Amino acid sequence: MVLETVSVASRKQGAVLVRFFKKGEPFPGELLPGEFKGEANSAAFFSTPEGRSLAIGLGDGIQIEADTYRQAAGTAVRVLQQAGVTRMIVDLRGAEKWAREIAVGILMGGYYFDTFLPDDRKLKSRVQQVQLLVAKPKMPAVAELVHAGQIIGEAVNFTRSLGDLPGNYIYPEALAETALSLGVEFPALKVKVLEEQTLQKGGFGGMTAVGGGSAHPPRLIEVLYQGGRKGEAPLALVGKAITFDSGGISIKPGDRMDEMKYDKMGGCAVLGIMRAIAALKLKINVVGLIPAAENMLDSQAYRPGDIVTTYDGKTIEVLNTDAEGRVVLADALAYARIVHRPHRIVDFATLTGAVIVALGTYKAGLFTSGSELEYLFRKAGDATGEKVWPLPYDEPYRTQIRSDVACVKNTGGREGGACTAAAFLSQWVGELPWVHLDIAGTAWTTRDLPYLAKGASGFGVRLLLETLLS
Ligand code: BES
Ligand code: MN
Ligand code: ZN
């Protein structure tokens, strides 16, 4: 999709003109269809002397915010793609302030996973050319916002398109290949892949245990970006990428097990974030670390009762092979801390069903060691609509996962499951400032939303980028 800002004089003919309307807002000189009242995300075609137009409702306007415009823009693209339209012009006049989020909404609204559908069920068209109409003097600043929005939207869609691919397409080696191609497309990203032998020799006992039962061996993907001063400590982003989670020997019930293809979304989010950071040329140092493994069951699989030794020498008693995310993350967090010496770590993981019990699918669980980080992420969550809510992981939760035979056990039972999982991870982070996001409830959606079709949401990409940009 190509987005460009244009002034009225240079707008192209033949594209559908999209205009936003508050509820009841009059529209001088032109006739709107009678049934259109400006309700949020309602849409109606109408004709003007300049050609075909599409009216999109913003709702009552009492609280017009970023999400109002993201939704409206997403709705416009979806309506046009259903109607077979490929070129649109969006009237930005009066909404220039929201240019970035409108661009994000356009990009995200345009994504639809139809790769494997028969032709008659694929999207009728893809909107390919988008012009954003602005009043001339404001153009350069607005063009910059649109450019940033395009990069962010593309990064989110990159994460979603990886996420929607199932386990027979995306397994650890395939995810590593995708990361390597990202490094070719963005030379500022230096991608390194640690293969199974290296992991075995290097002491990544968590990753090799979890990946042991699969025909597809595990990989640790490392993506380096140096946009800041040489030698300056990086920000470390760690993302759980279980390409499919069967539960292992502690196998999951069959119902909805297919959704566990999304158990890689933390890692996919980290890849999307790295892509955007490179495209935006941010002046910071960042390292992305993605422990990728498939949690399967066979004679090589790790078992309940096993004791595994992680990268930093700490031991884990495995009580449930379905609590595998924390086991691979232990290795990746230790590796991040010891090898990369970051100034802080942020991790993304579809870690627990318990966080869905706690927060539903509306907000991700936020676990952090510092109140400033909590404030930063909550603010970014409100701005992007990728909302987070703080949860604890302090002393009693740590005690709950004490093991009699190893440093820690990998489950503390059902009670406070999201919190004991975070308490587990914290032991591999040490004293570093840290944010853990449990995105189990938010990484994909089973309902179509205005700018989020069913499937992977890319949750975390916009959230983290917002903390860097704001
Ligand atoms: N990937 C799951 C968590 C999950 C569940 C994500 C539902 C998204 C939707 C994770 O590996 C898991 O199985 N966690 C267990 C932990 C338990 C065995 C301590 C869980 O939440 O049930
Ligand atoms: Mn699991
Ligand atoms: Zn899992």
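Order of listing sets the numbers, starting from 1, for every ligand and every atom in it. All figures in this text were calculated on a predicted structure; none of them were measured in a lab.
Side-chain contact of Asn157 with Thr159: a donor-acceptor pair under 3.5 Å is absent, judged by distance alone. When only modelled atom types and interatomic distance are considered, Ser426 and Trp434 share no side-chain donor-acceptor pair under 3.5 Å.
Ionic pairing of Arg121 and Asp114 is not present here: no N-O contact between side-chain nitrogen and carboxylate oxygen is shorter than 4.0 angstrom. We find that Glu222 and Lys190 are not joined by a salt bridge, their nearest charged nitrogen and carboxylate oxygen being 4.0 Å or further apart. Using a cutoff of 4.0 Å between basic side-chain nitrogens and carboxylate oxygens, Glu395 and Arg398 are not scored as salt-bridged. Between Arg462 and Glu466 no salt bridge is recorded (no basic side-chain N to carboxylate O distance below 4.0 Å). Using a 4.0 Å cut-off between charged nitrogen and carboxylate oxygen, Lys240 and Glu324 count as a salt-bridge pair. Ion pairing between a basic and an acidic side chain is recognised when a charged N comes within 4.0 Å of a carboxylate O; Lys264 and Asp245 show no such pairing. Ion pairing of Lys379 with Asp382 is absent here, as no side-chain N (NZ or NE/NH1/NH2) approaches a carboxylate O to less than 4.0 Å.
Of the N or O atoms in Lys252, one or more lie within a sub-3.5 Å distance of an N or O in ligand 1. For ligand 1, the polar-atom distance check finds no N/O of Asn410 at less than 3.5 Å from any of the ligand's N/O atoms.
Listed by chain and residue number, the protein N/O/S atoms under 2.8 Å of the Mn ion (ligand 2) are Asp245 OD2, Asp322 O, Asp322 OD1, Glu324 OE1, with waters left out. Here the protein contributes Lys240 NZ, Asp245 OD2, Asp263 OD2, Glu324 OE2 as N, O or S atoms under 2.8 Å from the Zn ion (ligand 3).
Taking OG1 of Thr86 as the start and CG of Leu80 as the end, the distance is 9.5 Å to the nearest 0.5 Å.
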**Request:** Would you check, one step at a time, whether the test salt bridge (Lys or Arg N to Asp or Glu O under 4.0 Å) holds for Arg219 with Glu196?
**Result:** CA-CA 6 Å; Arg219 296 283 187 265; Glu196 198 181 21; 5.8 Å; no
**Message:** Evaluate Trp389 against Phe367 for ring-ring contact (aromatic ring centres under 6.0 Å, His included), listing each step before the verdict.
**Reply:** CA-CA 8 Å; Trp389 199 261; Phe367 300 84; over 10 Å; no
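The single protein non-hydrogen atom nearest to atom 10 (C) of ligand 1 is Leu351 O, 3.3 Å, given as residue, atom name and distance. Of all protein heavy atoms, the one closest to atom 7 (C) of ligand 1 is Met260 CE, 3.7 Å. The closest protein non-hydrogen atom to atom 18 (C) of ligand 1 is Asn320 ND2, 3.4 Å. In terms of protein heavy atoms, atom 16 (C) of ligand 1 is closest to Arg326 NH2, 3.8 Å. Of the protein's non-hydrogen atoms, the one nearest atom 6 (C) of ligand 1 is Ala440 CB, 3.5 Å. Of the protein's non-hydrogen atoms, Asp263 OD1, 2.8 Å is the one closest to atom 1 (N) of ligand 1. The protein atom (non-hydrogen) at minimum distance from atom 2 (C) of ligand 1 is Asp245 OD2, 3.6 Å. Nearest non-hydrogen protein atom to atom 12 (C) of ligand 1 is Asp322 O, 3.2 Å.
Ligand 1 lies within reach of Lys240, whose nearest heavy atom is under 4.0 Å from it. Assignment of Ile356 to the shell around ligand 1 is supported, since a heavy atom sits closer than 4.0 Å. Contact annotation: Trp444 has at least one heavy atom less than 4.0 Å from an atom of ligand 1.
Heavy-atom contacts from other residues, nucleotides or ligands closer than 6.0 Å to CD of Gln63 number 12 or fewer. Within a 6.0 Å radius of NZ in Lys122, more than 12 heavy atoms belonging to other residues, nucleotides or ligands are found.
Per-residue contacts place Thr350 under 4.0 angstrom from the following atoms of ligand 1 (heavy atoms of the residue considered): 1 (N), 2 (C), 3 (C), 6 (C). Atom numbering of ligand 1 starts at 1 in the shown order; those under 4.0 Å from a heavy atom of Thr411 are 19 (C).
The closest non-hydrogen atom to atom 4 (C) of ligand 1, taken over Gly248, Ala323, Gly353, comes from Gly353. Taking only non-hydrogen atoms, the option from Glu259, Met265, Glu324, Met257 nearest to atom 11 (O) of ligand 1 is Glu324.
Taking 4.5 Å as the limit, every side-chain heavy atom of Leu237 sits out of range of all side-chain heavy atoms of Asp347. With contacts defined as side-chain heavy-atom distances shorter than 4.5 Å, the pair Leu463/Leu437 qualifies.
Ring centers of Tyr335 and His340: under 6.0 Å apart, within the cut-off.
With respect to Asp164, the side-chain hydrogen bond (donor to acceptor under 3.5 Å, both in side chains) criterion is satisfied by exactly one of Tyr111, Tyr169, Tyr112, Trp444: Tyr111.
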